[in-house]
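A note on names: the letters A, B, ... follow the listed sequences, proteins ahead of strands, and every chain is numbered from 1.
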2 protein chains.
Amino acid sequence: MADLLLRNTRPMGGPACDIAIRNGVIADMAAGLTAPDMPVEDAGGAIVWPGFVEAHTHLDKTVWGMDWYADRKGGPLQNLIDNERNDRNRIGLDVHRQSMRHALHLVANGTTLIRSHVDVDTDHGRSLFDGLEATRAALAGVVEIEIVAFPQSGLMVRPGTLDLMDTVLRAGADIVGGLDPCAIDRDPKGQLDALFALAEKHGKPIDIHLHEPGDMGAFSTELILERTRAHAMQGQVAISHAFCLGGLPETRARALMEELATQRVAVMTTGAPSATVPALRTLRAVGVPVGAGCDGIRDTWGPWGQPDMLHRAQILGMKNGFRTDAELEVLLDIIGPGGAAATGRDGRLLAPGAPGDLVLLQGSCPAEALSLAAPRPLVVKAGRVVARNGAPSRGIP
Amino acid sequence: MADLLLRNTRPMGGPACDIAIRNGVIADMAAGLTAPDMPVEDAGGAIVWPGFVEAHTHLDKTVWGMDWYADRKGGPLQNLIDNERNDRNRIGLDVHRQSMRHALHLVANGTTLIRSHVDVDTDHGRSLFDGLEATRAALAGVVEIEIVAFPQSGLMVRPGTLDLMDTVLRAGADIVGGLDPCAIDRDPKGQLDALFALAEKHGKPIDIHLHEPGDMGAFSTELILERTRAHAMQGQVAISHAFCLGGLPETRARALMEELATQRVAVMTTGAPSATVPALRTLRAVGVPVGAGCDGIRDTWGPWGQPDMLHRAQILGMKNGFRTDAELEVLLDIIGPGGAAATGRDGRLLAPGAPGDLVLLQGSCPAEALSLAAPRPLVVKAGRVVARNGAPSRGIP
C-alpha cells in the first residue's frame with residue numbers, strides 16, 4: 001500500500017479536511033482520516049487545488065538553460081517559423097533535454113497534465129517527436145503529456161508533411177495539429193479536409209493554431225465548425241489562440257462563440273499580450289470549454305514567459321481586465337478543472353473518484369493564492385509527491 | 001571618505017572595468033582603479049546598469065502585506081475610484097507603512113528614482129500626501145521620490161480639491177497631477193486651465209493621467225499640447241498612460257506623437273495589458289521622451305503587479321511584440337537613462353560625472369538580464385549600497 005494521506009488541507013479554499021489517495025485516485029475526503037500504512041503529508045491548512053492543466057505549450061522549443069539565444073527575428077509569423085526551423089540544429093536544441101527542463105519546471109509549479117504541440121516538418125522528420133516521446137516516457141507517473149503533431153511550417157505548402165504527420169500519429173502522437181489554413185497554408189479547404197481526414201483515419205482529436213485576425217480568422221473558424229459537424233467530432237476539436245475572436249465586433253464574436261459552444265469546440269487561449277484575444281467573460285458565458293497555456297517559453301521566437309500556470313493566469317487576468325475574487329476564481333478554474341474539461345476529460349473536481357492530482361497553494365483564499373503565485377508547497381500526481389516547495393522531486397537535466 | 005569602489009563590473013554589458021563613486025557621483029571608470037580608503041564591492045563581472053526609474057506608480061495605494069482585500073470592484077473607472085476612496089480608512093490603509101513597503105521592494109529590485117502620484121481628495125485632505133512625505137523623509141539617501149499631487153477623484157467635479165492641490169504643492173509636492181479632463185472631470189477646458197495655472201503659480205511641472213480612448217483622448221492630448229505651447233512648458237509636461245495613442249489609426253497617432261516630441265512632452269507608459277497602449281517603436285522613432293511605470297501594485301483596484309521595473313519591462317515587451325536583443329535594450333533604456341530623461345533629468349549614462357546610482361544585473365548580456373529578471377546582486381544609490389541579492393539594506397516594515 002503506497003499512495004498518500006494528505007492531512008489538514010482546504011479543498012478549493014473551503015473547510016479543512018484530509019484527503020486519502022489510493023491507486024492514484026481520491027478515495028476519501030473527510031476530517032480525521034486514518035490510514036496507518038500510507039505515507040502522510042501535513043498540508044498545514046493550505047489550499048489544495050486540482051493539478052494544473054497546461055493546455056497549450058511547445059515543449060520542443062525552449063532554449064531554457066542554454067546559452068543566450070541572440071538571433072531572434074522580428075517581422076511576420078513566417079519569419080519566426082523559418083528562423084526556428086533553420087536554427088534548431090545549429091544551436092544544438094536537444095528536444096529531449098529541453099522538454100525535460102520545461103516539463104519539470106511546469107511540474108514544480110503544480111502542473112499535472114500538459115498538452116504539448118511538437119513540430120513536424122520535412123527538415124526534421126520525426127526526430128522532434130521522438131525527443132518529446134522520450135521525455136514523455138521518462139516522466140511517466142510524474143506528469144501526463146499529450147502530444148499534438150503540429151505542422152508548424154505548413155502542411156499544404158511543404159509537400160511530404162502530411163505523410164510525416166501520419167507517421168507521427170501512428171508512432172503515438174495523440175492529437176492532430178494544424179495552423180492558419182489561410183494565412184500560412186494558402187489553401188484552407190485543402191488543409192482542413194486533410195486534417196479532418198487524418199483525424200478520422202486515426203480516431204484522434206484535433207487542435208488547430210489560429211493566429212488569423214478578424215474576418216480571415218472568422219472564415220477559418222466557420223470552416224472548422226462545418227467540418228466538426230460533418231465529421232460528428234463534437235467535443236474532439238480545439239482551436240488554439242483564436243485571436244480573431246478578440247478582434248471582431250462583439251455581436252459577431254459572440255455568435256461564433258455560441259456555435260463553438262454548440263459543437264463543443266474548445267478554445268485554448270494564451271492571452272497573448274501583443275494580440276487580440278478572445279474575451280474570457282464571453283467564452284465562459286456562452287459555454288465554450290476553455291483551456292489556457294503558456295505557449296512557448298523563452299524560445300527562438302521570444303525571450304518571455306514562465307513555465308508556471310499561475311503566471312499565465314495572471315497574464316490572462318491582466319489582459320481580460322479581471323479584478324474581483326470571482327474573476328480570479330474563473331482563472332483558477334480555467335487552469336484547473338475547466339482546462340481539463342477542455343482537453344476532453346470530464347473535469348477534475350476534488351472528490352472521491354477523481355484523479356489524485358493535486359497542488360497545494362499559499363494564500364488565505366484562492367484569489368490571494370493566484371495574486372501571490374508563491375512557490376507551491378506540494379504537487380501530487382496520481383498520489384505520488386512529484387514536487388515540493390517549488391522544486392521537482394526528480395532532478396532537472 | 002566613504003562612497004564606493006565597485007570592482008570588475010561591465011557597464012551596460014560592455015568590457016569590464018571598475019567604477020569609483022565619490023560624493024555620490026561617478027568619479028572614475030577604468031580597469032585597475034585603487035582607492036585605499038573606500039569600501040569595495042566586487043561585482044564578479046556582472047553587468048551594471050544605471051539605477052532604474054519607476055516613472056509612474058502610486059505608493060499610496062498598495063495593500064501589499066495586509067490582509068487579503070476581497071472587495072475589488074469591476075465596471076467603469078469611476079467605480080474603482082470611488083471604491084478606493086471609500087475603503088481606504090475602513091481597511092486601515094496606512095500610507096506611510098504601505099509606501100515604505102512598496103518603495104523598499106522597488107529599491108530591492110534596482111530602482112533609485114520613483115515618481116509617485118499621491119491622491120489628493122476632499123475626503124482625505126492632505127493626509128495621504130503627509131504619509132508619503134514621511135516615507136520620502138525616511139528613505140532619504142536610499143531612493144529619490146518625486147511626488148505628484150494627483151486629484152484622483154476629479155478636480156472640477158469635487159469642489160475644494162483645487163485648494164487642496166495648492167496646499168499640497170506648497171507643502172512640498174513636486175509635480176502637478178491630473179486625470180481625464182473629459183471623461184472624469186467633464187470640463188476639459190476648465191480642468192486644464194486650472195492645472196496649468198497651478199503649475200505656473202508654483203513653477204512646477206505637470207503629469208496628467210490620460211485613460212481616455214480614441215478621439216476623446218486625442219482631443220485632450222491636443223488641449224494639453226496647446227497649453228504646453230502657450231505656457232512655454234516644453235520639457236515640463238508628461239502624459240501618463242496615453243491609451244488613446246494606441247487606439248487611433250497609425251497616421252493620426254504618429255502625428256500626435258510628433259507634436260509631443262516637438263513640445264518635449266513625455267509619455268509615461270505602463271503597458272496596461274487590458275488597454276490600448278502607445279506603440280513604443282513609434283514613440284521612440286519620433287523622439288518622444290518615454291518613461292515606464294508599474295502603476296498601482298496589488299491595490300484596491302486590482303490584484304496584479306510586481307514592484308520591479310524588470311517585470312514591467314517584460315510586460316511592455318510582450319505587449320509591444322518585442323523579441324530581438326535590440327528591442328530588449330530599448331526597454332532597458334526606458335526603465336533606465338531614457339526614463340530619467342523623461343522625468344526631466346538629463347539622462348543618466350554611466351560615465352564620470354553621472355550620479356552614483358547603479359544596479360547589478362544577472363545575465364551574460366543586457367537582453368538576457370531582462371529575460372531572466374533574476375534577483376539583483378547589488379543596488380547602489382549615490383554611492384551607498386541600498387540592497388543586496390534582492391533584499392533592501394533597510395528592513396521592510
Where is the tightest heavy-atom contact between [X] and [Y], given as atom of each residue plus distance?
X: S371(B); Y: P303(A); value: OG-O, 2.8 Å
X: W304(B); Y: F322(A); value: NE1-O, 2.8 Å
X: W301(B); Y: R323(A); value: O-NH1, 3.1 Å

Which residue out of [options] racks up the most heavy-atom pairs below 4.5 Å with chain B?
options: T324(A), D67(A), V277(A), D71(A); answer: T324(A)
options: K73(A), E327(A), K319(A), Q306(A); answer: K319(A)
options: A70(A), S364(A), G74(A), A326(A); answer: A70(A)

[X] side chain to [Y] backbone, donor-acceptor under 3.5 Å:
X: S274(A); Y: N320(B); value: no
X: R72(A); Y: D325(B); value: no
X: W68(A); Y: A367(B); value: no

request  = Against chain B, label L372(A) side chain, backbone, both or neither, depending on which of its atoms sit under 4.5 Å from a heavy atom there.
outcome  = both
inquiry  = Which one wins on heavy-atom pair count under 4.5 Å against chain A: G317(B), G302(B), G321(B)?
reply    = G317(B)
